[in-house]
Protein chains: 2
Amino acid sequence: MAVRRQPTLRDVAAAAGVAVSTASRALTRPGRVNAGTADRVVAVAKELGYIPSASARALLSGRTATVALVLPDVTNPFFFGLVRGTGARLRESGYVQVLADTEESAEVELDTLRKLRGQVDGAVLAASRLTDDQIAVAAEDLALVVVNRTIPGTPGVLLDTAGGMVQALEHLVEQGHTRVAYAAGPTTSWSDRRRREALEPAAARLGVELVVLGPYAPVRTSGADAADAALDAGVTAIVAFNDLLAFGILERLDARGVAVPEGLSVVGCDDIFGSDLVRPALTTIESPVERAGRMAADLLLTRLDGERPAGGDDEDDDGLVVDLPVPGAPVLLPTRLIVRGSTGSAQV
Amino acid sequence: MAVRRQPTLRDVAAAAGVAVSTASRALTRPGRVNAGTADRVVAVAKELGYIPSASARALLSGRTATVALVLPDVTNPFFFGLVRGTGARLRESGYVQVLADTEESAEVELDTLRKLRGQVDGAVLAASRLTDDQIAVAAEDLALVVVNRTIPGTPGVLLDTAGGMVQALEHLVEQGHTRVAYAAGPTTSWSDRRRREALEPAAARLGVELVVLGPYAPVRTSGADAADAALDAGVTAIVAFNDLLAFGILERLDARGVAVPEGLSVVGCDDIFGSDLVRPALTTIESPVERAGRMAADLLLTRLDGERPAGGDDEDDDGLVVDLPVPGAPVLLPTRLIVRGSTGSAQV
DNA sequence: GTGAAAGCGCTAACAC
DNA sequence: GTGTTAGCGCTTTCAC
């Protein structure tokens with residue numbers, strides 16, 4: 001693991017017998033240099049194993065070709081798709097992906113965002129624990145795209161799981177259910193609020209009684225409480241905040257000897273890895289998470305590559321600088337109900 | 001998403017009425033500056049929201065406080081633990097984690113490593129697709145720690161899944177199995193070779209017949225072929241290269257109406273998310289992947305923070321520079337067999 | 001204890 | 001078409 005000194009542009013220029021500026025041009029804009037010279041420089045650079053210093057470029061241009069994905073918990077399988085989607089899109093454009101875990105803490109998130117400023121060109125902020133205001137403020141210092149959040153003036157991508165849950169409710173009604181529980185997620189969750197706001201009017205419209213249970217931490221272990229509460233509440237079906245919670249519910253029902261779907265129909269949300277592995281397989285709401293990630297990265301890159309076309313730098317001293325046209329509404333991605341074995345007719 | 005101009009050290013110095021050098025000292029080494037002055041500078045810096053430029057620091061020191069995790073496929077749940085483990089350890093030391101997906105391609109991996117040089121202080125290389133030589137060469141230009149690989153001179157962390165598989169074999173023998181299949185992984189996999197080399201002598205020692213099936217791509221869909229082959233081979237138990245493959249095997253057996261473990265005992269490997277969710281739950285080999293990641297990051301950081309104690313920079317012009325004492329053997333982490341429902345007595 | 005100045009590697013004026 | 005020069009933001013001599 002010895003470390004060899006990297007050749008610099010100066011080394012290349014010297015070896016090729018040209019000035020650094022010529023070497024620089026030859027490597028970045030070959031058109032503006034004598035073809036023969038350019039070839040020679042390129043050859044020498046290759047031979048020496050020259051790699052331009054990212055730090056020097058960054059210092060000069062203010063651009064790092066790096067984008068961060070900020071999320072509350074890398075552990076949560078739901079976010080894996082986001083990692084993949086953003087990563088794939090970023091790689092396509094030659095960007096480097098940085099991963100930041102905020103450990104479900106608003107404080108850590110704020111601090112992370114602060115430190116990221118200057119280190120990255122922008123960030124995709126997923127399931128943020130911050131307030132709208134805090135995000136808006138952070139967006140002043142760092143190009144931001146939010147996922148599952150609406151912040152006026154900040155581009156965003158929304159997964160319409162609320163819509164998916166309404167589909168689930170309709171499905172249950174068709175199956176004859178008239179009293180359905182919703183096992184709620186954390187009160188701090190923006191998505192949870194959105195879902196409740198969608199479920200309540202839908203329930204009224206469909207003439208079904210909706211019982212809200214919880215809130216529950218969106219993890220498997222909370223499933224036991226949720227299952228018990230559902231049984232106590234005398235519902236025939238339960239829609240869970242997410243699949244992890246639904247897995248826990250299934251486990252508990254199994255342990256208590258309650259058959260699914262005969263004793264209780266169960267619906268999850270997100271279609272994470274494993275939802276088709278459990279028995280009975282879980283009826284759930286498929287979210288195009290990976291696509292959302294790709295989209296978020298795309299929005300950010302569009303922003304970034306429009307922003308400073310070529311290292312522009314204003315010398316205005318009034319502090320404030322660029323103000324860009326902001327895309328109106330966030331992108332809303334539809335979700336889809338996947339019916340599997342965990343839901344069935346209501347037992348009268 | 002406007003972007004405000006960041007205050008620089010010069011701004012801070014000016015506002016505090018001191019020279020940049022003093023401001024720099026006040027912020028980095030408060031001891032070497034008049035207490036009052038230092039306080040003032042710090043206060044001003046805070047007020048202005050000053051954040052030191054990472055690029056400038058990197059340019060000057062050659063250190064980026066960034067480490068990359070390079071892996072063949074972010075999609076594979078097996079690597080999630082690695083992402084977590086390395087990420088957690090890096091964060092603890094204030095390092096930033098960069099994620100690089102090489103898409104299972106040696107070429108992409110080589111290119112990634114090349115580009116990473118200079119962008120990061122080091123990298124954790126997991127399940128590399130490169131040859132030993134290629135890795136050794138890459139290690140000359142970038143501080144590297146390998147996971148599940150032994151490269152002389154390069155620190156590494158090994159998960160002893162081969163040992164776990166021997167445990168599995170012993171367990172099966174105790175249950176009366178005398179003819180057992182191993183569903184092999186990709187031929188390019190270093191781990192697969194290691195496991196075979198451990199299983200064969202173990203089988204001989206235990207007096208059990210070992211049938212090697214495959215190779216199979218380590219994904220769920222390959223499970224169908226593996227299950228069929230096992231049934232054809234007339235074995236009573238099968239050990240799969242990994243859990244994904246085992247899941248596929250279970251699905252196929254279910255589809256063919258073969259009971260598990262009565263008709264066939266199934267063992268997976270890695271204990272990934274979902275292995276206790278399937279029915280019957282999967283007997284598998286638990287690997288401390290997260291711990292391995294943490295360890296790998298730890299080895300790297302130790303290396304890094306010993307390497308250039310404080311931005312040292314040699315002016316030797318002979319090209320070659322540092323050569324460090326290399327830790328001898330790689331760290332070997334033990335694995336453990338977890339017996340669940342998918343294995344049982346051999347049906348005579 | 002503090003300031004002035006050099007320089008990390010690179011690109012973008014500005015000469016010639 | 002090519003060389004010279006300035007300067008990105010910072011740390012670190014070297015004077016004072």
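Every chain is numbered from 1, with letters handed out A, B, ... down the list of sequences. Quick caveat: nothing in here was measured; it's all calculated off a predicted structure.
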Starting at atom CZ of Arg29(A), determine the distance to atom C1' of dA13(C), rounded to an integer number of angstrom. 12 Å
For Ser55(B) and Arg32(B), take the nucleotide of DNA chain D holding the closest heavy atom to each; which residue's nucleotide lies nearer the 5' end? Ser55(B)
I need the CZ-P distance between Arg10(B) and dA6(C), as an integer number of Å. 15 Å
Among dT11(C), dC14(D), dG3(D), the one nearest any side-chain atom of Arg57(A) is dT11(C)
Validation row: Val18(A), Arg25(A) side chains within 4.5 angstrom (heavy atoms): no
Of the options dG9(D), dT11(C), dT2(D), whose atoms approach the side-chain atoms of Leu9(A) most closely? dT11(C)
Rounded to the nearest Å, what distance is computed from the CZ atom of residue Arg63(B) to the C1' atom of nucleotide dC10(D)? 16 Å
Is there a side-chain polar atom (N or O) of Thr28(B) under 4.0 Å from OP1 or OP2 of dT11(D)? no
Nearest to the side chain of Ser53(B), which nucleotide is it out of dG9(D), dT2(C), dA4(C)? dG9(D)
Any chance CD of Glu47(B) has more than 12 other-residue heavy atoms, nucleotides or ligands included, within less than 6.0 Å? no
Distance, nearest 0.5 Å, that separates CZ of Arg114(B) from CD of Gln119(B): 11.5 Å
Which nucleotide in the set dC10(D), dT4(D), dG9(D) lies at the smallest distance from any side-chain heavy atom of Ser21(A)? dT4(D)
Interatomic distance where CG belongs to Leu48(A) and C1' belongs to dG9(C) [whole Å]: 15 Å
From the set dT2(C), dT4(D), dG9(D), return the single nucleotide nearest to any side-chain atom of Thr8(B). dG9(D)
Can you tell me which nucleotide in dT2(C), dT2(D), dG7(D) comes closest to the side chain of Leu60(A)? dG7(D)
Considering only side-chain heavy atoms of Arg25(A), which listed nucleotide, dG9(C), dC14(C), dG1(C), is closest? dC14(C)
Which of dG9(C), dT11(C), dG3(C) is nearest the side chain of Ala56(A)? It is dG9(C)
Give the rounded distance in Å between these two atoms: CD of Gln6(A) and C1' of dG9(C). 12 Å
Heavy-atom closest contact (Gly49(B) atom, Arg117(A) atom, distance): O-NH1, 4.1 Å
Scan Ser24(A) against the nucleic acid and name what it touches under 4.0 Å (heavy atoms): base, sugar-phosphate only, or nothing. base
With side chains defined as the heavy atoms from C-beta onward, is the minimum distance between Phe79(A) and Pro72(A) less than 4.5 Å? yes
Could you check how far CG of Leu59(B) sits from C1' of dA6(C), rounded to whole Å? 13 Å
